[in-house]
Peer 1: 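Quick one: structure below, then a few questions.
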Amino acid sequence: MHVIVARDSAGRFSLRLPDGDRAADGGITADGPGSAADPGTGADGASTDAPAIVPATLSAEDLAALATRLESRQPRWVLPSVERDYPALVACGVRLRRCHDLSLVEGLLLAFDGEHTRSRSLAAAYARVRGLAPPAETEHVAAPDEQPALFDPQSSGLPADVDPAEAAEVVLADQQARLGRLDTSGRLRMLAAAESASALAAVEMSADGLPWRSDHHEALLTELLGPRVPAGSRPAALAALAQRIDEAFGRPVNPDHPESIVRAFGRAGIAVPSARAHVLRRLDHPAVAPLLEYKELARLHAAHGWAWLDQWVRGDRFRPVYVVGGVVSGRWATRGGAALQIPRVLRGCVRADAGWKLVVADAAQLEPRILAALSGDRRLAEVCRSPDLYTSLAGELHPGAATEHRPNAKIAMLSAMYGGTAGEAAATLALLQRRFPAAVSYVEHAAATGERGEPVRSRLGRTSPPPSEAWRDLTGGDGAEDAARRASRDWGRFTRNFAVQASAADWTAVLLATLRRRLPEPAHLVFFVHDEVLVHAPAELADAVLTCLAESVAETTRLVFGPACPVEFPMPATVVDSYADAT
DNA sequence: GACTTCGGCGCC
DNA sequence: AAATGGCGCCGAAGTC
């Protein structure tokens with residue numbers, strides 16, 4: 001059963017229920033949602049239920065009440081955009097179980113057809129179905145500190161005479177038809193469902209927030225930087241380091257300005273290509289130590305200092321806005337807060353509430369395992385049976401000397417997936433190719449496809465974007481010039497990585513969907529970053545969460561790679577009070 | 001003053 | 001022989 005939810009320009013919601021349940025056009029406003037039929041207990045027993053009587057438009061609160069009743073029928077909720085429309089419902093206490101995000105699915109389908117740049121919005125999708133001119137894009141980009149708006153006053157972009165719910169119904173039908181045409185394996189439909197469920201999880205995580213102890217954060221800043229100073233001035237520790245740097249060079253040098261650091265070393269008779277930390281670390285000069293320390297602390301101050309704390313943490317919760325589908329590969333992005341880059345030094349600030357625990361779980365070496373599953377490389381799958389894939393891999397490459405060669409094996413594997421060829425990894429890479437021909441040829445094929453300007457797809461059907469016109473112009477000739485060859489290779493590296501990274505994003509999207517569904521209330525997801533999840537749970541439920549996690553991982557692997565998948569995906573989890581205590 | 005670009009570095 | 005992938009965000013400097 002699909003239930004379509006749309007919002008009009010005034011921020012009111014309207015609903016479309018399946019035909020048997022649909023209220024007369026215009027609804028029965030006198031009754032309000034309280035009179036909506038209680039759907040009963042039949043899983044799909046629409047025919048046994050009294051017709052739903054739904055007003056033409058509803059407030060978020062009214063919709064919330066209705067949604068909670070309808071949930072017992074386990075409908076699939078169809079939303080024009082979960083990111084935009086769901087926060088208002090979550091704020092009213094609603095949790096939807098299943099959904100179809102029209103914008104995200106539109107994005108997946110457009111990308112599948114190589115149309116990555118066309119708008120995914122409901123209005124644009126509707127215009128394409130109806131053959132109308134595309135709407136003017138009025139993409140709303142929230143200001144960094146903007147709370148999710150309950151009522152976004154901007155228009156949907158739909159023609160004034162089109163009911164948003166009607167448009168959503170039309171676009172849903174169109175998407176289902178396209179999925180039916182394109183999706184012979186069912187994988188794209190699975191991706192659509194998983195991506196939509198991930199979007200629900202993202203909004204819920206923003207609403208719940210990541211437990212964040214401001215007092216710990218402040219204490220740490222004071223300890224490392226000195227007392228808080230007004231924005232724009234240097235804390236005591238940074239000022240002292242800057243002075244030591246000046247003294248070491250014998251003249252004033254701005255440590256925040258890389259070029260002046262390079263110049264200062266030049267005057268001291270040391271030529272450096274840049275002021276990067278790994279370059280400086282190799283130098284023998286008294287300014288190096290204070291410079292490295294300055295860089296590290298200045299970074300903390302600028303990126304996660306008092307200003308960040310003021311802006312992003314309220315009531316001991318960090319609430320970033322996650323952008324599902326924000327990266328072409330399917331990884332998430334965030335809007336503000338640098339949520340996917342929480343530095344290790346601050347992880348002690350992430351602490352469970354009293355009586356609660358954090359369950360921290362990380363998919364170990366996810367990408368090489370994904371590659372093993374994608375390529376069907378039996379020997380690599382065998383290597384994946386070990387929880388420490390890289391040691392196992394090193395043992396396979398260098399029998400009897402696994403531990404010694406682990407670092408090299410890791411670099412070689414990453415080079416294979418990222419397209420690196422340089423340095424000492426080259427020899428190991430060649431060895432990798434001999435021992436794991438199926439896996440290596442899989443990524444080589446993805447690279448060659450990209451070098452020709454053709455798209456590659458993930459396991460579930462995420463599709464790499466076409467290269468730019470400039471790229472085609474550059475590579476259009478006989479490919480003899482250096483620039484053309486370089487552009488071609490660059491794009492090959494991108495598609496090589498895309499095949500693996502996007503398939504990893506498939507796997508994690510399904511994991512989020514399955515885990516979210518299984519978690520016992522009131523345990524809930526509070527953080528997700530590429531291959532790692534944090535669940536906040538009452539202490540007595542921590543073991544149950546671990547069980548859910550293990551079941552979700554097994555289900556995810558089965559769904560994405562089939563029941564006979566020989567590759568194991570360990571996801572070791574720890575139950576901790578503080579994120580810093582998770583290994 | 002608002003904007004963009006660059007170097008740099010945090011995370012995966 | 002060979003420039004390893006994806007992001008977000010900062011300050012400084014350059015541009016308009």
Side-chain angles (χ1 to χ4, degrees), chain A residues 144 231-232 234 238 253-262 272-281 291-292 294-305 307-308 311-312 320-323 325-347 362-368 370-371 410-430 443 446-447 450 456 458 462 464-465 482-483 485-487 489-505 508 527-533 579:
Chain A
R234 276 189 184 133
L238 289 179
V253 171
N254 180 359
D256 289 318
H257 187 214
E259 197 183 312
S260 59
I261 296 172
V262 171
V272 288
S274 76
R276 296 181 189 190
H278 69 94
V279 171
L280 302 189
R281 208 163 278 132
L291 261 174
L292 291 174
Y294 182 94
K295 277 171 174 284
E296 199 175 319
L297 291 178
R299 164 101 196 161
L300 176 67
H301 180 230
H304 287 95
W308 182 90
Q311 186 174 0
W312 291 105
V321 177
Y322 299 94
V323 187
V327 180
V328 284
S329 65
R331 280 186 170 184
W332 292 15
T334 57
R335 200 148 41 222
L340 305 184
Q341 306 139 250
I342 296 173
R344 294 192 176 279
V345 66
L346 287 184
R347 295 192 177 182
D362 183 325
Q365 304 105 28
L366 179 61
E367 292 191 351
I370 290 287
L371 174 57
K410 179 176 177 177
I411 290 170
M413 179 52 88
L414 293 176
S415 294
M417 291 186 299
Y418 292 169
T421 49
E424 61 226 76
T428 314
L429 199 55
V443 286
V456 298
S458 74
R462 297 184 201 270
S464 69
D482 282 353
R485 188 166 302 149
R486 182 156 13 100
R489 290 288 169 87
D490 285 350
W491 198 253
R493 270 196 304 281
F494 169 65
T495 53
R496 169 197 295 266
N497 185 245
F498 184 98
V500 179
Q501 190 184 107
S503 297
T508 53
F527 193 59
F528 166 66
V529 51
H530 306 320
D531 59 4
E532 186 176 1
V533 296
Y579 191 13

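A note on names: the letters A, B, ... follow the listed sequences, proteins ahead of strands, and every chain is numbered from 1. Heavy-atom basis, side chains included; hydrogens, waters and symmetry copies ignored.
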Peer 1: Could you check how far NE2 of His304(A) sits from C1' of dC10(C), rounded to whole Å?
Peer 2: 11 Å
Peer 1: Quick one: is dG5(C) close enough that its OP1 or OP2 comes under 4.0 Å of any side-chain N or O from Arg493(A)?
Peer 2: yes
Peer 1: Taking CG from Leu300(A) and P from dC9(C), how many angstroms apart are they, rounded to a whole number?
Peer 2: 17 Å
Peer 1: Carefully, step by step, assess Arg234(A) and Asp256(A) under the rule side chain to side chain contact (heavy atoms under 4.5 Å, CB included).
Peer 2: CA-CA 11 Å; Arg234(A) 276 189 184 133; Asp256(A) 289 318; 3.5 Å; yes
Peer 1: Name the closest nucleotide to the Asn497(A) side chain, picking from dC7(C), dG6(C), dC9(B).
Peer 2: dG6(C)
Peer 1: Can you figure out which of dG8(B), dG6(C), dC12(B) approaches the side chain of Pro258(A) most closely?
Peer 2: dG8(B)
Peer 1: Is Arg331(A) touching bases, backbone alone, or none of the nucleic acid, heavy atoms closer than 4.0 Å?
Peer 2: base
Peer 1: What's the closest nucleotide to the side chain of His530(A) if the choices are dG6(C), dA12(C), dC9(B)?
Peer 2: dG6(C)
Peer 1: Expressed as a whole number of angstroms, how long is the span from His301(A):NE2 to dC9(C):C1'?
Peer 2: 15 Å
Peer 1: Of all the nucleotides listed (dG8(B), dG6(C), dC12(B)), which has the minimum atom distance to the side chain of Arg347(A)?
Peer 2: dC12(B)
Peer 1: How long is the line joining CZ of Phe498(A) and P of dC7(C), in whole Å?
Peer 2: 10 Å
Peer 1: Measure the distance from CH2 on Trp332(A) to C1' on dG6(C) and round it to the nearest whole Å.
Peer 2: 16 Å
Peer 1: From the set dC7(C), dG5(C), dG11(C), return the single nucleotide nearest to any side-chain atom of Asp256(A).
Peer 2: dG11(C)
Peer 1: Name the nucleic acid region contacted by Gly337(A), choosing base, sugar-phosphate or nothing; use a 4.0 angstrom heavy-atom cut-off, strictly under.
Peer 2: sugar-phosphate
Peer 1: Give, for atom OH of Tyr322(A) and atom CZ of Phe528(A), the distance between the pair rounded to the nearest 0.5 Å.
Peer 2: 10.0 Å
Peer 1: Indicate, yes or no, whether a donor-acceptor pair under 3.5 Å links the base of dG8(C) to the side chain of Gln341(A).
Peer 2: yes
Peer 1: Kindly say whether Phe498(A) contributes a backbone atom to a donor-acceptor pair with the side chain of Ser329(A) at under 3.5 angstrom?
Peer 2: no
Peer 1: Without decimals, in angstroms, what is the distance between Glu259(A) CD and dT5(B) P?
Peer 2: 18 Å
Peer 1: Just compare dA12(C), dC9(B), dG6(C) and give me whichever is closest to any side-chain atom of Gln501(A).
Peer 2: dG6(C)
Peer 1: From the options dC7(C), dC9(B), dG5(C), select the nucleotide whose nearest atom is closest to the side chain of Lys295(A).
Peer 2: dC9(B)
Peer 1: Whether the side chain of Arg299(A) and the base of dC10(C) hold a donor-acceptor pair under 3.5 Å is what I'd like checked.
Peer 2: no
Peer 1: Pick base, sugar-phosphate or nothing for Ala339(A), based on heavy-atom distances below 4.0 Å to the nucleic acid.
Peer 2: nothing
Peer 1: Nearest of dG6(C), dA3(C), dC11(B) to any side-chain atom of Arg486(A)?
Peer 2: dA3(C)
Peer 1: Side chain of Ala338(A) only, please: which of dC12(B), dC9(C), dA13(C) is the nearest?
Peer 2: dC9(C)
Peer 1: dG5(C), OP1 or OP2 - any side-chain N/O from Ser329(A) closer than 4.0 Å?
Peer 2: no
Peer 1: Within the 4.0 Å heavy-atom criterion, would you say Arg344(A) contacts the bases, only the backbone, or no part of the nucleic acid?
Peer 2: sugar-phosphate
Peer 1: In whole angstrom, give the distance that lies between atom CG of Asp482(A) and atom P of dA1(C).
Peer 2: 17 Å
Peer 1: To the nearest 0.5 angstrom, please state how far the CZ atom of Phe527(A) sits from the CD1 atom of Ile342(A).
Peer 2: 3.5 Å
Peer 1: What's the separation between atom CG in Leu238(A) and atom CG in Leu297(A), rounded to the nearest 0.5 Å?
Peer 2: 6.0 Å
Peer 1: Between Ile370(A) (CD1) and dC12(B) (C1'), how many Å, whole number?
Peer 2: 14 Å
Peer 1: Applying a 4.0 Å non-hydrogen cut-off, can you work out what Ala275(A) is touching in the nucleic acid: base, sugar-phosphate, or nothing?
Peer 2: sugar-phosphate
Peer 1: Do other residues, nucleotides or ligands put more than 12 heavy atoms under 6.0 Å from Glu296(A) CD?
Peer 2: no
